[in-house]
Structure formats: C-alpha cells, structure tokens
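Worksheet for the structure shown next.
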Amino acid sequence: MKNIRTRYAPSPTGFLHIGGARTALFNYLFAKHFGGTFIFRLEDTDVARNVMGGEESQLNNLAWLGIIPDESPLKPNKKYGNYRQSEKLEIYQEFAQKLINKGFAYKAYDNSEELELQHKQQEVNGVASFRYDPNWLQISNEEKQRRDANKEYSIRLKLKKNTVYGWEDLVRGWIEVNSDDIGDFVIIKSDGYPTYNFAVVVDDHQMEISHVLRGEEHITNTPKQLAIYESLNWTPPVFGHLTIITNMEGKKLSKRDKTLKQFIEDYKNDGYHPHAIFNFLSLLGWTSKDSQEIMSHEELIEKFDPERLSKSPSKFDIVKMDWFSKQYIKKLDNEVIIKKINSPFNTEWNNLFVETYKQSASTISEIKNNLNIYINPKTSHNFEITEIAKNVIQIFSKELTMSEFTIENIQKSIENTKQELNIKGKDLFMPIRIATTFEEHGPELAKAIFLFGKEIVLERLKKWN
Ligand code: GLU
C-alpha cells in the first residue's frame with residue numbers, strides 16, 4: 001500500500017465543533033492504524049468568515065482531545081508546501097492558468113448582475129438546478145477586452161459532456177454523477193481567490209493525501225473534484241463520506257441549536273474527561289468488531305477499521321457521553337482532580353471527598369460544585385419529613401450519638417436502624433440523607449455524612465433526639 005496520508009482541513013471560522021472533531025478523529029485513527037501521517041491544514045480563503053484565533057483554537061482543542069497532527073502550519077514539512085491556503089494563492093492561479101492553456105478551463109466574463117439574470121431565465125424556463133451556459137453572455141469584443149484588462153472575470157472548469165464521474169466510496173460504495181448534471185463551475189473567483197473545490201484538489205495532490213474522510217455534505221463536491229483531477233492528470237485519493245450526526249430527534253445537528261453543547265470548548269470548560277470524548281466520538285459512525293465501547297487511544301488506533309464505518313446517521317446522545325465521561329473520571333487519580341477543584345480543606349479530607357464524589361460524576365465541575373455544600377453548609381432544608389421518616393432519623397441519631405464519629409460507625413448506625421425498624425432501600429436512606437446532609441441526592445451515604453464532620457452532623461441531628 002502506498003504511504004497513508006490523511007488530513008483534517010477546517011476553515012478557521014470558529015471553535016471546534018463535534019462534527020469537525022469527529023472528522024479529524026477518524027482521519028487521525030485511519031492514519032495511525034495504518035502507520036501513516038495525519039495532517040492539519042487550513043482552508044482560510046473565505047476571508048470574511050475567518051475569525052481571529054480560529055486556527056489556534058482548532059489546534060488547541062484537538063490537542064486537548066489528544067489529536068496531535070504530524071504536520072500542520074506550525075509543524076510544516078517543506079516538501080509539501082504551505083499549510084494555509086491564504087499563503088499559496090499564486091499556486092492556485094498557476095494551475096488555473098495551466099488549465100486555461102490546455103483548454104480545460106476558461107475565463108467567464110459575466111458580472112454578478114448578468115449571472116443573476118441567467119439564473120432567473122433558467123428558473124422561468126423551468127430548469128431544476130442551474131447549469132452555467134458559456135454562450136449566454138453576449139458582449140462586444142471591446143467590452144470583453146476591458147473586463148479582461150481589469151481582471152473582471154472568474155475562471156471556470158470546462159466540463160466534458162456526458163461523462164460519468166464516479167468513485168468507490170469507503171463508506172457508501174460506488175457513487176457516480178454525470179457531468180451534464182453539474183455544469184461548468186468556478187475554480188477561481190473574480191477576486192482571484194480559488195473556490196473550495198479547486199483549492200482542495202491542489203492541496204490534496206500537493207500533500208500527497210491518500211485517503212479523504214469527510215462529511216456527507218461534500219458528496220456533491222466529489223464529482224467536481226474528480227473532474228479537476230482528470231483535467232490536471234492527477235490521481236485522486238480514496239474518498240469516504242461519513243454519515244451525518246443527528247440530535248436525539250433524528251435531525252441534523254445545527255450549530256445554532258443552543259440546547260445542546262456542540263463545541264469541544266464547552267466540554268473542556270465543563271471539566272469533561274478528554275479521553276471520554278475521544279472515545280465517545282470514535283463511536284459516532286463507527287463500531288468495533290468486538291462491540292467493546294470503552295477503549296483507550298491505543299486500542300482505538302489498533303481496532304480502527306474503515307470497513308466498519310456506519311452507513312446510517314449517528315445520534316449524538318448526551319446521556320451516553322456523560323456515561324462515558326463517568327467511566328473515565330472514576331479512574332482519574334485523586335490528586336489530578338484535587339488540583340482542579342480549589343478546596344480549602346486538608347489533604348486527607350480532600351482525598352476522601354474526591355474518592356467519594358468521583359464515583360458518580362461526569363465532569364470535574366460537578367465534583368467541584370459538590371464542594372460547596374461542605375464549604376457553606378446549609379442551615380436548613382425544605383424537604384418534607386413523614387412520621388415514618390422521623391422515626392428512622394430518630395433511631396439513626398440515637399445510634400450515631402452513642403458511638404465515635406467514624407465512617408464505619410456511621411455505616412453501623414445505618415445498619416442498626418435498618419435492623420431495628422425492618423426497613424430498607426429508599427425508606428431507610430432518604431430520611432437519613434436529608435437529615436444529615438440536607439440533600440436529597442448524593443454519593444455513598446456514610447462517606448457523604450462523614451465529610452460534614454461531627455460537629456455539623458450532630459448539630460443537624462440534635463432536633464430529632
Ligand atoms: N473545509 C472543509 C470543511 O470543513 C474541508 C472539506 C474537505 O475535507 O474536503 O468541510
């Protein structure tokens with residue numbers, strides 16, 4: 001097999017989105033699985049949409065996830081040219097000129113009003129989707145020369161008539177489109193910038209990209225890119241178009257949907273475990289042969305198999321994401337978490353606190369938030385206490401007051417209450433939890449109680465004695 005080289009090529013128009021992260025991850029896993037190279041490069045020619053710091057933020061978020069490119073604008077391999085499209089505008093121009101010289105592309109002099117008119121006329125004539133007609137524009141030779149001198153033209157690829165452009169898609173199998181359904185399309189815009197389809201072909205060729213995994217929204221671009229490869233007499237890479245990611249209702253994720261955290265930055269700020277997200281994203285459109293779900297980076301690299309990329313949309317299930325994160329947070333060393341939660345208490349206390357709370361937290365922020373109930377203990381609560389509950393609390397309180405304040409004794413007191421009243425489960429735990437922690441929910445009860453310290457707990461229980 002030839003050298004495997006894959007790439008992730010975002011536009012620096014904002015933060016790293018779940019969809020982008022998944023594309024980057026699959027290209028990364030693909031390259032690493034086959035011992036290849038993963039490249040990050042930038043499609044930054046849409047100047048109006050670029051945001052300051054876009055490139056840096058994409059790279060930082062990828063690094064946080066554990067996706068480190070082998071080559072990038074910061075780590076270029078000179079052999080492959082520049083890694084930002086804005087730095088290679090002349091190269092696109094040169095190749096466009098070559099295509100003009102070979103008769104495979106031409107200057108189109110229509111201005112925007114004329115193009116709009118052509119669109120409208122086709123609409124009126126019932127043409128379903130616009131096809132550029134190179135003979136539509138009728139202007140005098142002088143006018144043509146004037147526009148030419150002022151560089152008032154775009155460059156379009158001259159498509160061969162009735163020619164099939166097809167490819168064996170890694171995910172979907174054979175796909176083909178007839179050139180007559182496309183029409184001559186712009187490769188260099190009138191402002192001199194290349195279009196996406198043209199620049200991406202030049203970049204992929206120059207960087208010797210072997211495999212392209214990208215979102216299914218690019219399926220319609222692929223035949224155009226194949227036509228460009230053919231005109232330049234270059235070999236195209238292997239393409240695979242990943243299926244869309246939907247919300248739980250089955251609708252395509254929209255960046256405008258504010259009800260769902262969709263940016264990696266959001267998960268980072270909330271204290272999710274990056275390995276959990278890496279792992280979770282790997283299962284958005286891919287499954288391991290042995291159906292294993294929790295997998296380390298190394299395992300994923302080893303198991304990644306492009307044959308197992310899914311053909312149906314993948315649901316973004318935040319509950320599952322939280323579950324993944326829980327599995328990873330649980331395994332973190334206490335010290336790592338302690339460093340991040342800013343606790344005013346001593347090491348012994350912090351250790352017990354983190355050990356107790358990390359068992360069921362999906363994020364470090366969640367653990368940190370729980371610290372508040374110990375830093376600023378509530379002085380009252382509003383939960384209703386039934387007569388039976390009252391009884392439970394009284395017995396528990398009597399038991400606990402008689403013994404030394406240790407986790408074991410708290411546990412024993414719960415046990416004795418259970419025996420004495422012959423109740424169990426929620427009826428036993430809930431009254432005790434509310435009376436001692438002033439919370440309805442929490443981690444392992446004896447530990448949660450112990451963390452408040454003797455003074456606070458006995459004070460809270462006093463009224464039940
Ligand atoms: N900048 C494009 C995108 O983010 C890259 C498309 C491609 O991979 O060819 O969708």
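Since the structure is predicted, the reported quantities are computational estimates derived from the model, not experimental observations. Each ligand, and each atom within it, is numbered from 1 in the order the structure gives.
Asp333 has no carboxylate O lying under 4.0 Å from a charged side-chain N of Lys358, or vice versa, which leaves the two without a salt bridge. Between Asp257 and Lys251 there is no salt bridge, since no side-chain nitrogen of the basic residue lies less than 4.0 Å from a carboxylate oxygen of the acidic one.
A cation-pi contact, defined as under 6.0 Å to the ring centre and within 45° of the axis, links Arg5 to Tyr80. For Lys378 and Phe438, the positive end is not near the middle of the six-membered ring at less than 6.0 Å and at most 45° from its axis. A cation-pi contact, defined as under 6.0 Å to the ring centre and within 45° of the axis, is absent between Lys447 and Phe450.
At a 3.5 angstrom cut-off on N or O pairs, Ala9 counts as close to ligand 1. For ligand 1, the polar-atom distance check finds no N/O of Glu217 at less than 3.5 Å from any of the ligand's N/O atoms.
Nearest to atom 6 (C) of ligand 1 by heavy atom, out of His218, Arg7, His241, is His218.
Close contacts between ligand 1 and Val200 involve ligand atoms 9 (O) [criterion: under 4.0 Å to a heavy atom]. Interface of Arg214 with ligand 1, defined as ligand atoms under 4.0 Å from a residue heavy atom, comprises 7 (C), 8 (O), 9 (O). For ligand 1, the atoms sitting less than 4.0 Å from at least one non-hydrogen atom of Ser11 are 1 (N), numbered in the order shown with element in parentheses.
A heavy-atom separation below 4.0 Å is found between Tyr196 and ligand 1.
The ring pair (Phe, Tyr, Trp, His ring centres under 6.0 Å) test with Phe26 singles out one residue from Phe278, Phe304, Phe38, and that residue is Phe304.
Protein heavy atom nearest atom 2 (C) of ligand 1, with residue, atom name and distance: Glu43 OE1, 3.4 Å.
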